[in-house]
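Report on the following structure.
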2 protein chains.
Amino acid sequence: MVKPKKKRVLRSKADQRADSIEQILDAAEYLFSRNGLHGVSLRDVAQQVGIHTTLVHYYFKDKQALFERVFARRADVSVEGRMEAMRKYEEEAGDKPTVEGALRAFLDTDLDLYVQRGEYWMNYAAFCARVSNTPEGAVLMDRHFDPVVLKLLEIIKRALPDHSDADIFWGYHFVTGALMNTYARTGRIDQLSGGLCRSDDFAAVKQRMAPFMAAGFLSLKSQPQPKAQPKRKK
Amino acid sequence: MVKPKKKRVLRSKADQRADSIEQILDAAEYLFSRNGLHGVSLRDVAQQVGIHTTLVHYYFKDKQALFERVFARRADVSVEGRMEAMRKYEEEAGDKPTVEGALRAFLDTDLDLYVQRGEYWMNYAAFCARVSNTPEGAVLMDRHFDPVVLKLLEIIKRALPDHSDADIFWGYHFVTGALMNTYARTGRIDQLSGGLCRSDDFAAVKQRMAPFMAAGFLSLKSQPQPKAQPKRKK
DNA sequence: ATTATCTATAGATCTATAGATAATGC
DNA sequence: ATTATCTATAGATCTATAGATAATGC
């Protein structure tokens, strides 16, 4: 944590601490993703790591704090990656961004992240998905992800200047629902499709999701909007 | 519940039973929708109803059984309504069904159901949403909702004969994610939109969802499919 | 000396069951 | 007589804390 001021000092103690914390977070993430906040005891977490229950209390104030730390730990990485991708896309696209381009920066970047970083990150995705459909979870989502979402919507608005704000927000509502359903990897599509599609096939989602949702956004335009263009003349 | 066969017999005992069971299910549904299976104790449920904890055990084998009864109770009504709506749509549409038409029968019918039947049914929708992103929940979803989903996909396939099965399944995957996000009513879109959109505004969703998703389905066609038309010549 | 880890334990809560009581039903 | 409801309670589990022990760190 603290920068190693002296020489090769603080390997063990500080590292031991960091290690234990990471292991606890990994285990909690895994268990929370499968059983939810209340479906996991601190004893379960400790047991999964192979340490004593009280050590979890030593490092974390209480269960709620552990839960929020699990949420926060990887959130910033996800946000940063997508922010960067969208910034880059904005530069490339200049003054003619497309909905699909914005969505690709937003969605594909994140999908890639979990695939590339492997199992633990996939657990985090499932954790977020599970949490996202709960009232408390939505608050955490707001806290951590609102900036990156608003950035996405800003680009989409530029791509669709005639769409109403409400249409854009509802469009995002659909997108995030579909994304969370993907992250959840419940096996439902496997069952439904008789094995043709697999829940953990993020590549299949990546291939289809951005164009699918972009087409959806575009389709909203045709809706009759209360007081559309006539008002403002610039 | 059961039709009074004799005269005014079996009002009280049978009715008392039915009443208690319904009240317990209503309370459990409400609490499960907000806190999940493990976030609710049978004591909580009993307290919410105003009865003694042990009465819950009298009527239900255990917590898991109560949970599944909550899920099953309204599932058939939802399924039947949508089946009927889709059958009706098929008749109207003849041999030229559209994706949007099929989706309207599937989505709008269900959205209407919860709005029209009021608070308790809205709780059920939130319950389903919460459950849907969990591994155990997905099994229940399969058990109860697969037939109505397969019916929907059957119509969509007829509307999109050149789409691959995988495209159809993934399209549905997006649809159901968006729908569950709607049912969850977490308040996230309220926060995100600064109050412009409201989580419980199912009318706003109904207006946009079917056309949005239909456009998405249509867009998948353009994807280059591995071995598409060339092979089979009919 | 400091800090990571373990032992022991209090207090709360939860599930589930056995058995008593009170209300309806021929 | 049957069945809805309550009383009492066992046994398990869970959170959280106080205090002991063992390992690292100047």
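Quantities reported herein were computed from a predicted structural model and do not represent experimental measurements. Just so we're on the same page: letters track the sequence lines, and every chain starts at 1.
Proximity note for A/Leu42 (side chain, C-beta onward) versus D/dT24, D/dT15, D/dA4: the nearest is D/dT15. With distances taken from any side-chain atom of B/Gln16 to the nucleotides D/dA4, C/dT13, D/dT15, the minimum falls on D/dA4. Considering only side-chain atoms of A/Arg43, the nucleotide from D/dC6, D/dT15, D/dA4 that sits closest is D/dT15. Distance from the side chain of B/Thr54 is smallest to C/dA18 among D/dT3, C/dA18, C/dT5. Proximity note for A/His52 (side chain, C-beta onward) versus C/dT7, D/dC6, C/dC14: the nearest is C/dT7. With distances taken from any side-chain atom of B/His57 to the nucleotides C/dT15, D/dT15, C/dA4, the minimum falls on C/dT15. Of the candidate nucleotides C/dT15, D/dT5, C/dA16, D/dT5 has the atom nearest to the side chain of B/Tyr58.
Using a cut-off of 4.0 Å between Lys/Arg side-chain N and Asp/Glu carboxylate O, B/Arg185 and B/Asp200 are scored as not salt-bridged.
Using the six-membered ring where Trp is involved, B/Trp121 and B/Tyr114 have ring planes that are tilted, between 30° and 60° apart. The aromatic rings of A/Phe217 and B/Phe212 sit perpendicular, their planes meeting at an angle over 60°, well past the 30° parallel limit. Between A/Phe127 and A/Tyr124, the ring planes are parallel. Angles under 30° get that label, and only those over 60° would be called perpendicular.
If you measure from atom NZ of B/Lys63 to atom P of D/dT13, you get 14 Å, rounded to the nearest angstrom. The distance from atom CG of B/Leu31 to atom P of C/dC14 is 12 Å, rounded to the nearest whole Å. Atoms CG (A/Asp19) and P (D/dA23) sit 18 Å apart, rounded to a whole Å. For the pair A/Gln47 CD and D/dT15 P, the computed distance is 12 Å after rounding to whole Å. The CG atom of B/Asp44 sits 8 Å away from the P atom of C/dT15 (whole-angstrom rounding). When the C1' atom of C/dT5 is taken as reference, atom CD of A/Gln23 falls 13 Å away, rounded to whole Å. Distance, A/Leu55 CG to D/dA20 P: 19 Å, rounded to whole Å. For B/Phe60 and D/dT5, the CZ to C1' distance is 15 Å, given to the nearest whole Å.
Partner assigned to D/dA8 is C/dT17, using Watson-Crick or G-U wobble distances below 3.5 angstrom. With a cut-off of 3.5 Å on both Watson-Crick or G-U wobble distances, the partner of D/dT24 is given as C/dA1.
Every residue meeting the side-chain contact (heavy atoms from CB on, under 4.5 Å) condition with A/Asp146, not counting sequence neighbours, appears here in chain and number order: A/Asp142, B/Arg188, B/Gln191, B/Leu192.
Note on A/Ser20: only backbone sugar-phosphate atoms sit closer than 4.0 angstrom, heavy atoms only; bases stay farther off.
Applying the 4.0 Å criterion to OP1 and OP2 of D/dT5, one finds that B/Tyr59 has a side-chain N or O inside that range.
If you find the closest nucleotide of DNA chain D to B/Ile51 and to A/Asp62, the one lying nearer the 5' end belongs to B/Ile51.
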